[in-house]
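Structure, as structure tokens:
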Amino acid sequence: MEEFLNSNLLQTIVLVFTVLVTLLIYINNERKNLKSATTILVLQIKNIEKNIEYLKSEGISGEAINEQQFHYSVPIFEENAWEKYKHHYASRLNSSDFAKIEQFYDIAQAIRIQQYQIKQKIQENIFAKTTCYYQQQFSRLNACVVDRSADRETLCQKDMNYALTLYNNPMFSVMTFLHKEFGYGLMKGLNRYQRLTGTVVYTRLCKSGKIKER
């Protein structure tokens, strides 16, 4: 017995057992990582579709951008989950399916860039409008300080209230200047967009990650 315990055969058996256990742990972790990555991808794909379709239905009318709806639109996505996890699918999806998911994210990224740039311009317009409003209000306030007569103070107050009403009235708002390239780039991306959910590619993506199609 002692000879067996000290033999090379036992050491070999222990080594093989250790390797097998390590391999099983690795395979199990890989499966869990793949399932988690696929779940994250599926959720993000659905959010991307929802956010893009909001832009198509609410954020734009024909070639005109609806500023208020666009201002409150949610970014298409924050972190690109496909770039982070696509290495998991290089050997699990065929080249055609892989390319279609890649294209979906490329289009979403192009729309995201245009959305960000347009929202920045809208923010600039809001800032300029606010700055102009304060300049006018402080000018009226300074005039009241110089002339402290009751009639002048009443007139100043009426002017300030009128300016507030005027700047809050959407009928008299100044439209944001957007170079035609912004609208063209946005429409180009929206016209290229196609849903990924409900397609064969989406089904295969779910199957590759061993999750149920949602």
Side-chain angles (χ1 to χ4, degrees), residues 23-123 175-176 178-214:
L23 182 61
L24 287 173
I25 292 172
Y26 172 79
I27 292 172
N28 186 53
N29 286 338
E30 280 294 295
R31 286 177 178 172
K32 287 182 179 178
N33 291 338
L34 177 63
K35 188 172 183 179
S36 298
T38 307
T39 301
I40 292 169
L41 271 175
V42 164
L43 291 175
Q44 185 173 72
I45 286 168
K46 288 184 175 181
N47 279 330
I48 286 172
E49 291 178 345
K50 180 181 70 175
N51 295 335
I52 290 178
E53 284 162 18
Y54 171 84
L55 285 185
K56 291 185 73 173
S57 63
E58 303 291 337
I60 192 164
S61 299
E63 295 183 357
I65 291 171
N66 301 324
E67 289 190 29
Q68 187 176 33
Q69 289 84 346
F70 211 100
H71 173 71
Y72 289 109
S73 64
V74 178
I76 302 301
F77 61 83
E78 296 293 344
E79 182 184 26
N80 190 324
W82 176 246
E83 281 297 319
K84 186 175 181 179
Y85 298 116
K86 67 182 181 181
H87 61 277
H88 289 297
Y89 307 93
S91 61
R92 291 181 171 88
L93 294 172
N94 62 51
S95 58
S96 176
D97 292 344
F98 192 92
K100 285 179 181 177
I101 298 174
E102 185 92 4
Q103 183 184 44
F104 175 84
Y105 269 88
D106 286 344
I107 293 171
Q109 173 67 6
I111 296 172
R112 176 176 176 265
I113 291 171
Q114 295 300 319
Q115 178 195 30
Y116 174 78
Q117 292 176 337
I118 291 171
K119 289 184 75 170
Q120 284 290 101
K121 291 298 179 182
I122 293 173
Q123 288 280 6
M175 296 295 292
T176 301
L178 294 169
H179 194 278
K180 64 179 181 180
E181 292 301 326
F182 288 115
Y184 174 75
L186 178 65
M187 288 301 301
K188 184 178 179 181
L190 292 177
N191 290 335
R192 291 176 61 207
Y193 159 77
Q194 290 182 333
R195 289 177 68 91
L196 198 60
T197 56
T199 65
V200 175
V201 176
Y202 180 79
T203 300
R204 288 174 181 159
L205 174 64
C206 293
K207 286 182 177 179
S208 69
K210 309 297 183 184
I211 67 170
K212 293 182 179 179
E213 186 173 353
R214 304 175 184 180

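The nearest pair of heavy atoms linking A37 to H88 is CB-CD2, 4.1 Å. The minimum heavy-atom distance between C206 and V42, with the atom names listed, is SG-CG2, 3.9 Å.
Contact check for L55 versus I76: side-chain heavy atoms found under the 4.5 Å cut-off. Inter-residue side-chain proximity for K35 and I211 is flagged as met; some heavy-atom pair is nearer than 4.5 Å. Between Y85 and T38, the closest side-chain pair of non-hydrogen atoms is not below 4.5 Å.
The list of salt bridge (Lys or Arg N to Asp or Glu O under 4.0 Å) pairs with a residue in residues 183-209, not counting sequence neighbours, reads E49-R195, E53-R195, D97-R204. Listed by first and then second residue, the side-chain hydrogen bond (donor to acceptor under 3.5 Å, both in side chains) pairs that reach into residues 68-81 are S73-Q115, sequence neighbours excluded.
Residues that satisfy the ring pair (Phe, Tyr, Trp, His ring centres under 6.0 Å) test with F104, not counting sequence neighbours, are absent from this structure. Residues passing the side chain to side chain donor-acceptor pair (under 3.5 Å) test with Y105, sequence neighbours excluded: Q44. Qualifying side chain to side chain donor-acceptor pair (under 3.5 Å) partners for D106, counting only residues two or more places apart in sequence or in other chains: none. By the side chain to side chain contact (heavy atoms under 4.5 Å, CB included) test, A110 is found to be paired with no residue, residues two or more places apart in sequence or in another chain being considered. In this structure S57 satisfies the side chain to side chain contact (heavy atoms under 4.5 Å, CB included) test with no other residue, sequence neighbours excluded. S36 meets the side chain to side chain donor-acceptor pair (under 3.5 Å) test with no other residue; sequence neighbours excluded. N191 is linked by a side chain to side chain donor-acceptor pair (under 3.5 Å) to nothing, counting only residues two or more places apart in sequence or in another chain. Under the rule for a salt bridge (Lys or Arg N to Asp or Glu O under 4.0 Å), the partners of E102 that lie at least two apart in sequence or sit in another chain are K86. Take Q120 and apply the side chain to side chain contact (heavy atoms under 4.5 Å, CB included) test, not counting sequence neighbours, and it matches Y116.
The distance from atom CD1 of I45 to atom CG of L196, rounded to the nearest 0.5 Å, is 5.0 Å. Atoms CD1 and CG, from I48 and L43 in turn, are 11.0 Å apart once rounded to the nearest 0.5 Å. To the nearest 0.5 Å, atom CD1 of residue I107 and atom CD1 of residue I52 are 8.0 Å apart. Atom CG of L41 and atom CG of L205 lie 6.0 Å apart (nearest 0.5 Å). From L186, atom CG reaches atom CD1 of I113 across 12.0 Å, with rounding to the nearest 0.5 Å. Within the model, atoms CD of E67 and CD1 of I122 stand 5.0 Å from one another, a figure rounded to the nearest 0.5 Å.
At distances below 3.5 Å, not a single donor-acceptor pair connects side-chain atoms of Y89 with backbone N or O atoms of W82.
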(Q) Before you tell me yes or no, could you show the steps for K84 and I40 under side-chain contact (heavy atoms from CB on, under 4.5 Å), namely the whole-Å CA-CA distance, both residues' side-chain angles and the distance that decides it to 0.1 Å? (A) CA-CA 11 Å; K84 186 175 181 179; I40 292 169; over 6 Å; no

Q.
M187 vs I60, test: side-chain contact (heavy atoms from CB on, under 4.5 Å). Steps then yes/no.
A. CA-CA 9 Å; M187 288 301 301; I60 192 164; 3.1 Å; yes

(Q) Checking F70 against K121 for the side-chain contact (heavy atoms from CB on, under 4.5 Å) test, could you report, in this order, the C-alpha distance in whole Å, the side-chain angles of both residues, the deciding distance, and whether it holds? (A) CA-CA 11 Å; F70 211 100; K121 291 298 179 182; over 6 Å; no

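No more than 12 heavy atoms of other residues, nucleotides or ligands sit less than 6.0 Å from atom CD of Q194. Heavy atoms of other residues, nucleotides or ligands lying less than 6.0 angstrom from NZ of K100 number 12 at most.
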